[in-house]
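Values below: all heavy atoms of this structure, side chains included; hydrogens, waters and symmetry mates excluded.
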Amino acid sequence: IKAMERATKLQQPFFLYLSHYAVHAPFERDEKYYQYYIEKGLTPAEATYASMVEGMDKSLGHILEKVTALGIEQNTVVVFISDNGSSIHCPQNLPLRGFKINPYEGGIRVPMLVKWPGNIPPGSTSSTPLIIEDLFPTLLQFGGFSAAEAAQLSKDGQSIFPLLAKRKAGKRKSPLIWHFPHYYQDEPY
């Protein structure tokens, strides 16, 4: 929040990357919210998980409130995404099969939310497949790089800027492939 305030005061564009550790193992309850969920009848493990989700949600809410308070909401793009499906110790991404580290959709398919006022209509959806590596060239385009410059700088991803700006998906230049070469909870795939 202080970095956003400083950049706004100096009238400078900024890039804020915030990687919440919650919701992730080790699961550590957020004391501010834990008791509420216990009183709602959740088990201690469920209440811990729920308190972590609420803590992350409140943190993101504070950031979005500050963006609005600073008057930069119309000129700010917000992207929210997870890196993988839920842990085997958490609720499953139903109706998808599998968990984190599984090659099934429940392990690799996650929601991504993008807020871009004036460009993406609230509540709109897309079923276009993408991969997290696509964010780098996309963010380069948000930062003023041309599509060609973004493509040159990113060998792994493909910009989804056209999908966000025009809601038209381009053809992928390469297939989406997951390679998990070591033993963890499952066999390599």
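Two residues are said to be in side-chain contact when any heavy atoms from C-beta on lie closer than 4.5 Å; Phe142 and Leu164 meet this criterion. Using a 4.5 Å heavy-atom threshold, the side chains of Tyr33 and Val53 count as separate. Contact annotation: the side chain of Leu140 approaches that of Leu153 to within less than 4.5 Å [non-hydrogen atoms, C-beta and beyond]. Residues Tyr34 and Pro44 have side chains in contact (heavy-atom distance under 4.5 Å, counting atoms from C-beta outward). With contacts defined as side-chain heavy-atom distances shorter than 4.5 Å, the pair Ile108/Pro103 does not qualify. A 4.5 Å side-chain heavy-atom check between Arg172 and Gln158 finds at least one atom pair inside the cut-off.
Counting non-hydrogen atoms of other residues, nucleotides and ligands closer than 6.0 Å to NZ of Lys173 gives a total above 12. For Lys155, the NZ atom counts as densely surrounded, since its 6.0 Å shell holds more than 12 non-hydrogen atoms of other residues, nucleotides or ligands. Around atom CD of Gln152, no more than 12 heavy atoms belonging to other residues, nucleotides or ligands sit under 6.0 Å away. Other residues, nucleotides and ligands contribute at most 12 non-hydrogen atoms within 6.0 Å of the OH atom of Tyr104.
In terms of hydrophobic clustering, with Ile, Leu, Val, Met, Phe, Trp and Tyr side chains grouped at heavy-atom distances under 4.5 Å, Ile160 and Val79 are assigned to a common cluster. Residues Phe161 and Val77 fall within the same hydrophobic cluster, defined by Ile, Leu, Val, Met, Phe, Trp and Tyr side chains chained together at heavy-atom separations under 4.5 Å. Clustering ILVMFWY residues whenever any of their side-chain heavy atoms sit less than 4.5 angstrom apart, transitively, puts Phe15 in the very cluster that holds Ile81. At a threshold of 4.5 Å between side-chain heavy atoms, the hydrophobic network of Ile, Leu, Val, Met, Phe, Trp and Tyr places Val78 and Leu16 in two separate groups.
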Listing, residues 113-121 side-chain donor-acceptor contacts under 3.5 Å, not counting sequence neighbours, or none:
unit_1: Lys115; atom_1: NZ; unit_2: Glu73; atom_2: OE2; d: 2.7
unit_1: Asn119; atom_1: ND2; unit_2: Pro117; atom_2: O; d: 3.4

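When every heavy atom of Phe14 is checked against every heavy atom of Ala7, the shortest pair comes out as CD2-CB, 3.7 Å. Closest approach of Ser159 and Pro137 over heavy atoms only: N-CG, 3.5 Å. Counting all heavy atoms, side chain and backbone alike, Ser51 lies closest to Arg29 at OG-CA, 3.5 Å. A pairwise comparison of heavy atoms in Asp134 and Thr138 identifies O-OG1, 2.6 Å as the closest pair. Across every non-hydrogen atom of Ala47 and Ile38, the tightest pair is CB-CD1, 3.7 Å. The two residues Ile101 and Tyr189 have their closest heavy-atom pair at O-CE2, 3.1 Å.
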Evaluate the criterion side chain to side chain donor-acceptor pair (under 3.5 Å) for residue pair Glu54 and Tyr37; output intermediate values, then yes/no.
CA-CA 10 Å; Glu54 185 159 349; Tyr37 291 106; 2.4 Å; yes

Checking Leu135 against Met112 for the side-chain contact (heavy atoms from CB on, under 4.5 Å) test, could you report, in this order, the C-alpha distance in whole Å, the side-chain angles of both residues, the deciding distance, and whether it holds?
CA-CA 11 Å; Leu135 289 180; Met112 181 175 96; 4.0 Å; yes

Take Met4 and Val67 through the test side-chain contact (heavy atoms from CB on, under 4.5 Å) and record every step on the way to the result.
CA-CA 8 Å; Met4 290 191 307; Val67 165; 3.9 Å; yes

How far apart are the C-alpha atoms of Asn93 and Phe99, what are their side-chain angles, what is the distance that settles it, and do they pass the side-chain contact (heavy atoms from CB on, under 4.5 Å) test?
CA-CA 7 Å; Asn93 292 338; Phe99 293 92; over 6 Å; no

Between Leu70 and Glu5, is a side-chain contact (heavy atoms from CB on, under 4.5 Å) present by the stated rule, with each step listed?
CA-CA 7 Å; Leu70 291 170; Glu5 289 172 338; 4.2 Å; yes

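Between the CG atom in Leu163 and the CG atom in Leu130 there is a gap of 7.5 Å [rounded to 0.5 Å]. Atoms OG and NZ, from Ser82 and Lys100 in turn, are 8.5 Å apart once rounded to the nearest 0.5 Å. Of the inter-residue distances, the one linking Asp83 atom CG with Ser19 atom OG reads 7.5 Å to the nearest 0.5 angstrom. A distance of 9.0 Å separates CD1 in Ile132 from CG in Asn84, rounded to the nearest 0.5 Å. Rounding to the nearest 0.5 Å gives a distance of 11.0 Å between CE of Met52 and NE2 of His20. His24 contributes atom NE2, which lies 8.0 Å from atom OG of Ser87 (distance to the nearest 0.5 angstrom).
Gln11 places no side-chain N or O within 3.5 Å of a backbone atom of Thr8 that could act as its donor or acceptor partner. Checked by atom type and distance alone, the side chain of Ser59 never pairs as donor or acceptor with a backbone atom of Gly55 at under 3.5 Å. Counting only distance, with no hydrogens or angles, the side chain of Thr76 and the backbone of Ile72 share a donor-acceptor pair below 3.5 Å.
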